[in-house]
2 protein chains.
Amino acid sequence: MSIDISPNPGRSAGRPREFDIDEALDKAITVFSEKGYHGTSISDLRDAMGLTAGSLYKAFKDKHAIFLASFDRYKQVRNALLDEELEKANNGRDGVYRMLAFYAEGAHGEGGRRGCLAVGTAVELAIFDDEAARRVERSMDRFETTFEALIRRGQEDGSINRSINPNATARLLLSVVQGLRVLGKTSPSREQTFSVVDVAMKLLD
Amino acid sequence: MSIDISPNPGRSAGRPREFDIDEALDKAITVFSEKGYHGTSISDLRDAMGLTAGSLYKAFKDKHAIFLASFDRYKQVRNALLDEELEKANNGRDGVYRMLAFYAEGAHGEGGRRGCLAVGTAVELAIFDDEAARRVERSMDRFETTFEALIRRGQEDGSINRSINPNATARLLLSVVQGLRVLGKTSPSREQTFSVVDVAMKLLD
DNA sequence: CATATTTGGAAACGATCATTTCCTAATGGG
DNA sequence: CCCATTAGGAAATGATCGTTTCCAAATATG
């Protein structure tokens, strides 16, 4: 008895795709972030991704699928960067600061004007698009949970006041961070953005 | 020498408009808030406002003009309600709380899911639409200035800690309030929303 | 080498978009 | 009382939307 092993693993029959899906999605992320879902046309995506409409529809079911794939890719990349940053944290308080600073860094200047795809999706699609709403909610939950864990860790290692409410404070920090993304659309200075972070840190004293 | 007084003041020649512009704009505000600018079609507006496309284009130059008029109307109504609420404030701290509570009230439940037109405009249009961006910026500035004035007032009347930075703290409260609007799109409970307000108030101690 | 399968890419599809046109209805001014 | 002016409303406009079709090119399999 023998088991078939395909000689070229992961590659199915037929002409191979000539572009990298993740690279293409990274371009789509920029367009969707800047113009939103309804503001982005297939022509926009075709131009930005350097593909023909035909190729797009070979790789994805429809525009909505391209969007969801872009969202997932965006979260995957951003979460990986955040995790990397949080590994450097010495204690709970330092972790909270690093997380706030990570978001503040993306919320000002060019990146701030481009916008956050999660915030954009929440605002534009969450009401009527259940699949988008579920993704937004999971993203927000993740942030809230991470903030709360860092606060608890800080309360244990002595870097954060033990009398504050971890969940309520985490939720406030989550609000701050989403708010910075809204304010970032009219591009405030780096200084202004980080002054908010500094004030927020006082909640941990 | 005599001065001509038109017998029917404010009414020019021609068939009179059969609908009230502000009432129509209030319907448009709901549609634009829920579906965004690009997600809203003239058909959507026609249906919601109870008008024909022809009448819409008699009253407004184009879709963009309808949107800007809706935005202006939205801000006018909301600002009037906020001013009314702030007149009840006993002191600076009470004023800050009333302002946070005013926004929190609109950010949860049905209104939260519908969304804030200013936040929606910031996220969807601020990059490429200068007229929209100017309006958003003015709206944010107004909120920040109001927060800052209330903080200074509280520092004078003794209800707010004199050592906090009024401008930086005002900007943080502005972030919180915009963030609540983003989180409100996935409709958190009234309790959750107000717990954020309570934590934010600790910054004034 | 032949066949099945998939992609690339241009062209075409019907639907819907924002906007205009055209006609009738209703008003104020001369 | 007529004329200029504006609104109401249905129908038509060209443009663009998202999507599909069709054919040639490129691969894996037998």
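To find a chain, count down the sequence lines: A is the first, B the second, and so on, and within it residues start at 1.
Salt bridge annotation for A:R98-A:D94: present, with a cationic side-chain nitrogen under 4.0 angstrom from a carboxylate oxygen. Salt-bridge annotation for A:R114 and A:E110: present, with a side-chain N of the basic residue lying under 4.0 Å from a carboxylate O of the acidic one. B:R142 and B:D83 are joined by a salt bridge, as a carboxylate oxygen and a charged side-chain nitrogen come within less than 4.0 angstrom of each other. Of the charged side-chain nitrogens involved, none lies within less than 4.0 Å of a carboxylate oxygen, so that A:R171 and A:E148 do not count as a salt-bridged pair. Ionic pairing of B:D20 and B:K27 is not present here: no N-O contact between side-chain nitrogen and carboxylate oxygen is shorter than 4.0 angstrom.
Put simply, CZ on B:F60 is 17 Å from P on D:dT6, counting in whole angstrom units. As rounded to whole Å, 17 Å separates atom P of D:dT16 from atom CG of A:L45. One atom, NZ of B:K61, and another, P of C:dA18, lie 14 Å apart when rounded to the nearest Å. Atom CG of B:L56 is separated from atom C1' of C:dT20 by 14 Å (rounded to the nearest Å). Atom-to-atom, CD of A:E18 to P of D:dA26 comes out at 8 Å; the value is rounded to the nearest Å.
Near DNA chain C, meaning a heavy atom under 4.0 Å away, there are no residues from residues 66-74 of chain B. At a non-hydrogen distance threshold of 4.0 Å, nothing from residues 31-39 of chain A comes into contact with DNA chain D.
With hydrogens and angles left out, the side-chain atoms of B:K35 and B:T40 include no donor and acceptor closer than 3.5 Å. Residues A:T30 and A:S33 bring no donor and acceptor atom of their side chains to less than 3.5 Å of each other.
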So which protein nitrogen or oxygen atoms get under 3.5 Å of nucleotides 2-6 of chain C's nitrogens or oxygens?
from	atom 1	to	atom 2	distance (Å)
C:dT6	O2	A:R15	N	3.0

Set out, line by line, the N/O atom pairs under 3.5 Å between protein and nucleotides 11-17 of chain C.
none

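In this structure, of D:dG8, C:dG8, C:dT19, it is D:dG8 that holds the atom nearest to the side chain of B:S55. Comparing D:dG18, D:dG8, C:dG9 by their closest approach to the side chain of A:Y57 singles out D:dG18.
Pairs passing the side chain to side chain donor-acceptor pair (under 3.5 Å) check and including a residue from residues 191-205 of chain B, sequence neighbours excluded, read B:R93-B:D205.
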Only distances under 3.5 Å count here; give the side-chain donor-acceptor pairs of residues 116-128 of chain A to other protein atoms, sequence neighbours excluded, each with its distance to 0.1 Å.
from	atom 1	to	atom 2	distance (Å)
A:T121	OG1	A:L117	O	2.6
A:E124	OE1	A:Y37	N	2.8
A:E124	OE2	A:Y37	N	3.4
A:E124	OE2	A:H38	N	2.9

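Between B:S175 and A:V176 the shortest heavy-atom distance is CB-O, 4.0 Å.
In this structure, A:Y103 has its ring center under 6.0 Å from that of A:F143.
For the pair B:R190 and B:F194, the cation sits on the ring face: its NZ or CZ lies under 6.0 Å from the ring centre, inside 45° of the axis.
Counting non-hydrogen atoms under 4.0 angstrom, B:F19 reaches the backbone sugars and phosphates but no base.
Here the side chain of A:T186 pairs a donor or acceptor atom with the backbone of A:L183 at under 3.5 angstrom.
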